[in-house]
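Below is one structure; the comments refer to it alone.
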Amino acid sequence: MPYEHQKIEQKWQKYWDENQTFATTDDTSKPKYYAMDMFPYPSGQGLHVGHPEGYTATDIMSRFKRANGFNVLHPMGWDAFGLPAEQYAMKTGHNPADFTSQNVDHFREQIKSLGLSYDWNREINTTDPAYYKWTQWIFEKLYEKGLAYESNMMVNWDPIDRVVLANEEVIDGKSERSGNKVERKALRQWVLKITAYADRLVDDLDDLDWPEAIKEQQRHWIGRSKGAAVFFNVADSNKKIEVYTTRPDTLFGASYMVLAPEHQLVDEIATEQQKQAISDYRAIISAKTDLERTDLNKDKTGVFTGAYGVNPINGEKLPIWIADYVLASYGTGAIMAVPAHDDRDFEFAQKFALEIKPVIAGGDVTKEPYTGDGLHINSDFLDGLDKSTAINTTIAWLETQESGHAQTNFRLRDWIFSRQRYWGEPIPVIHWEDGTTTLVPEKELPLLLPHATELRPSGSGESPLANLTDWLEITREDGVKGRRETNTMPQWAGSSWYFLRYIDPRNAEKIADLDKLKYWMNVDLYVGGAEHAVLHLLYARFWHKFLYDLGVVPTKEPFQKLVNQGMILGSNHEKMSKSKGNVVNPDDIVTAFGADTLRVYEMFMGPLTQNKPWSEEGITGSRRWLDRVWRLLIDDEGQVREAVSTYNSGDLDKIYHQTVKKVTEDLENMHFNTAISQMMVFINEAYKSEALPINYMTGFVQLLAPIAPHLAEELWVRLGNKASISYVTWPQYDQAQLVDDTVEIIFQVNGKVRGKATVARDLDKDSMIAAAKLDDNVQNFIAEKTIRKVIAIPGKFVNIVVG
RNA sequence: GCCGUUGUGGCGGAAUUGGCAGACGCGCUGGACUCAAAAUCCAGUGGUGGCAACACCGUGUGGGUUCGACUCCCACCGACGGCACCA
């Protein structure tokens, strides 16, 4: 009887469902393990083969931990708000909710066919009002704490369609959909003050078990830098310019100053004869896209304002320029330029023939800027000091003069939290005609997204919600009229706290019960793609810290261990895409080979974290191996083979215990590919053995169960055990079975292998050396040579050094 | 340019603390079974030379440390991901 994957997989999926095998309880007597996947956006395309990779990894860990006595929380849900549904709805005249719910059903069905051990009772959906009630609640708390505010921010604006576009909708400066040229436009936006958490977001990374690359990306994104604020008076004026510098020690080398073209003081200090040049320059700048201002333009441009600043340290007058290489959004939008020791200032100074004064010894600043360390020169009281001493000395001096102070800056900016979209969580705010703004009262949450079949752009830059007058307009008891906020939240909102809701998904009173949170948090394993390295993970960490400060959650960080699965590439080693015609559909694989084969193959392809190309031959190889496992134990009539019995010839003793050890350790470390290869070795050995001891066979089936659960359940029952295998205690290995009395040692001459011998495990050094010298081939290489040295390690090797 | 990851047979990939490079799988070759084929089972398979024993070469490139280097150090090259004038 052959291995019939379809029958077996359906049978066990039904069994798990009916028996609620994977329903999680809050049994706090057991240690807990919380394994979570990044929940998917349920797109119309359905699952691709990349999804099952990460899902299988967390599923293996979940099943492995269950067998090791852990109480496992392994949930799944849907990140179901998002742009594609809205675009599709606009095109077809449907409501995004209906379309999304069909997609969710399709995704759920596909995911269930993979045999993943989720607790489906905890399924969540970010578009469910019972869920987004709490997303709105968190927003209200942020607002109450002063961490949510309104501000005019620049957005991508399609002037013909009159809609706001997301960055990813803008391709080469044009709208992806309409092809219209996109402009920058200031619009009122809701903004979250993530910068208030910048220090903690950097510092707390240190304790997380995350890939170093991701931590580095977050550190860089936050971009904390330490330096000084320095105040420069403007000559012949009462104005002051504050600059930010990381090199206050080079203050004696400052030879000019630069303001960002948008800097507020520009108009106030510019002289009459420069005003025309300035406005011309600004016109050119505003026509440039961000890309042109950064990437494409390495050539420095700028205009003199006609004004001078006074260097607080020596009273020198410094010309004040405007230039777009100084960014309005970073620091104070103003710098002191030290061309001798900064690449950008050097380039600018050369172009406009500004003075270049060296203040640090080393390098030749007539040729290139010197940015290294060195002793200070031409710097009065700083002369002879090294960089860090000079920095501290200067800051101390500035503080006594009240001309500056130490200052920390961040690259991180506040988070633009609103979207001019329909398909998102409504922001629970009302703008009243008397000019006040209030939150929707907590007891009225959730503020429901009104049902709409015809989504049309409002034309004003507001979301389609602005068209829905019934919902939009509201009158207070005292007759004051109000208008609801038409902005909705970004897709990041619902995903910033979903890991909390899985813990207590139906709680109507709060996000989740604190005792349950105390038991389950943090997430022990979080697996997903590296494309979320910064934004999602940073936003989730920010919200979590905020909730921690509120006392809602008991931990400072949400995700203790993070793993990024690699991408599955097409068989041509390129990223899978429709246009390249290299897309593999997991449904086809499940039908033709089975979910277990897909799971084994995806885990066997290579390390979880690396990119790997799909291979048609590879998948058949994995299937072949599962067939081989089946045939080892089950004969043509569907009976357990006679060789499987309580008789143990001893052939498999060593390999069995080795396999238990290796598989256990590999699973613990998520080295699934080598765990599978060890199981293959075991099966190869078993095929050569006459006797198949029943306890070894059941032990093997247990090792296989996390990876190929349907097949393992089936074999487990056929071998005479009671269903199900999921909570049966993991097999143990016997250390004593792993060591042999004899061991093969190698003989080297000058580090090259020249012979081998099998000797007693505890053979002493001298006997090993003697044996080595007797070896024929070794003699060929040491004959007539002087032995300089002999290295011997018992149980391993002898190395004879001749010369 | 900067930060991070990575480079091993025809292919995917193995190799605790430096100690037999290439486990396992794919592919390929041969054998068994079969009228034949498929499937299956068994064996072989880094390159060069040799009937063989065995020798030489071999982990991106060039140096170095060491009795011994895929592994450690220095310099360089290529691929992938991220950031991009952040003062």
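Throughout, protein chains are lettered first and strands after them, A, B, ... in sequence-line order, and every chain is numbered starting at 1. Source: prediction; values computed, not measured.
Counting any heavy atom pair closer than 4.0 Å across all strands shown, A:Pro607 reaches sugar-phosphate atoms only and no base atom. Contacts of A:Asp342 with the nucleic acid, taken as non-hydrogen atoms under 4.0 Å apart, are absent. Across all strands shown, A:Tyr687 has heavy atoms under 4.0 Å from sugar-phosphate atoms exclusively, and none from any base. Within the 4.0 angstrom heavy-atom criterion, no nucleotide atom of any strand lies near A:Thr609. Within 4.0 Å of A:Phe682, counting heavy atoms only, lies no atom of the nucleic acid at all. Here A:Gln678 lies out of heavy-atom contact (under 4.0 Å) with every strand. Using a 4.0 Å heavy-atom criterion, one finds that A:Asp627 contacts no nucleic acid atom at all. A:Asn780 comes within 4.0 angstrom of no nucleic acid atom, judged by non-hydrogen atoms across all strands. Heavy atoms of A:Asn777 sit under 4.0 angstrom from primed sugar atoms or phosphate atoms, though from no base atom. Within the nucleic acid shown, A:Lys752 comes within 4.0 Å of sugar-phosphate atoms alone, with no base atom in reach, counting heavy atoms only. Residue contacts shown for A:Arg623 are absent, as no nucleic acid heavy atom lies under 4.0 Å away. Looking at heavy-atom distances under 4.0 Å, A:Gly621 makes contact with sugar-phosphate atoms alone, never a base.
In this structure, A:Ile746 and A:Lys662 both approach RNA chain B, and ranking their closest nucleotides by distance from the 5' end singles out A:Lys662. Of the residues near RNA chain B, A:Thr620 and A:Lys796, the one whose nearest nucleotide (by heavy atom distance) lies more toward the 5' end is A:Lys796.
Annotated as anti: B:G27, whose O4'-C1'-N torsion sits more than 90° from 0.
Proximity of A:Arg411 to the phosphate of B:A87: no side-chain N or O atom is located under 4.0 Å from OP1 or OP2. In terms of phosphate contacts, A:Lys661 brings no side-chain nitrogen or oxygen within less than 4.0 Å of OP1 or OP2 of B:U16. For B:A87, the OP1/OP2 oxygens have no side-chain nitrogen or oxygen of A:Tyr244 closer than 4.0 Å. Of the side-chain N and O atoms in A:Asn684, none sit less than 4.0 angstrom from OP1 or OP2 of B:C42. Residue A:Ser225 has a polar side-chain atom (N or O) positioned under 4.0 Å from OP1 or OP2 of B:A87.
Of the nucleotides present, B:G78 is the one that pairs with B:U6 by Watson-Crick or G-U wobble criteria, both distances under 3.5 Å. Pair assignment for B:C51 gives none, since no Watson-Crick or G-U wobble pairing has each distance under 3.5 Å. As the counterpart of B:C24, B:G12 is assigned, both hydrogen-bonding distances of the Watson-Crick or G-U wobble pattern falling under 3.5 Å. Base pairing of B:C67 is made with B:G19, judged by Watson-Crick or G-U wobble geometry with both donor-acceptor distances under 3.5 Å. Taking a pair to require two hydrogen-bonding distances under 3.5 Å in either a Watson-Crick or a G-U wobble arrangement, B:A43 pairs with B:U29.
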Please test A:Asp627 against A:Arg623 for salt bridge (charged side-chain N to carboxylate O under 4.0 Å, His left out), starting from the C-alpha separation and ending with a verdict. CA-CA 6 Å; A:Asp627 279 323; A:Arg623 167 63 196 224; 3.2 Å; yes

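For A:Thr245, counting side-chain heavy atoms from C-beta on, the closest listed nucleotide (B:G19, B:C20, B:A87) is B:A87. The side chain of A:Asp324 has B:C85 as its nearest neighbour among B:C26, B:C85, B:G13. Listed nucleotides: B:C24, B:A87, B:G19. Nearest to the side chain of A:Gln748: B:G19. You'll find that the side chain of A:Arg628 is closest to B:C42, out of B:C42, B:C24, B:C85. With B:U6, B:C24, B:U40 as the candidates, the nucleotide lying closest to the side chain of A:Arg631 is B:U40. Each of B:C24, B:C83, B:G19 was ranked by its minimum atom distance to the side chain of A:His220; first place goes to B:C83. Considering only the side chain of A:Pro613, B:G12 comes nearest among B:G12, B:C41, B:A55. When distances are taken from the side chain of A:His573 to each of B:G25, B:C11, B:U6, the shortest belongs to B:C11. Closest to the side chain of A:Lys612, from the set B:G13, B:G19, B:C67, is B:G13. When distances are taken from the side chain of A:Val753 to each of B:A23, B:A21, B:C41, the shortest belongs to B:A21.
Rounding to the nearest 0.5 Å gives a distance of 11.5 Å between CH2 of A:Trp630 and CG of A:Asp596.
Judged by distance alone, with hydrogens and angles left aside, the side-chain atoms of A:His341 form a donor-acceptor pair with the main-chain N or O of A:Ile360 at under 3.5 Å.
For the ring-ring contact (aromatic ring centres under 6.0 Å, His included) criterion with A:Tyr256, the lone passing option out of A:Phe232, A:Phe348, A:Phe304, A:Phe346 is A:Phe348.
For A:Lys789 and B:C67, a side-chain-to-base donor-acceptor distance below 3.5 Å is absent, hydrogens and geometry of angles not being considered.
The CD-P distance, from A:Glu617 to B:C26, rounds to 11 Å in whole Å. The CD1 atom of A:Ile619 sits 13 Å away from the C1' atom of B:G12 (whole-angstrom rounding).
Straight-line distance between the C1' atoms of B:G1 and B:C26: roughly 42 Å, to the nearest whole Å.
Under a 4.0 Å N-O distance rule, the pair A:Asp199/A:Arg224 qualifies as a salt bridge. Electrostatic pairing of A:Lys612 and A:Glu53 counts as a salt bridge here, judged by a charged N lying under 4.0 Å from a carboxylate O. Note on A:Lys357 versus A:Glu316: salt bridge recorded, some NZ/NE/NH1/NH2 to OD/OE distance being below 4.0 Å.
Side chains of A:His220 and A:Arg411: a donor-acceptor N/O pair is absent below 3.5 angstrom, by distance only.
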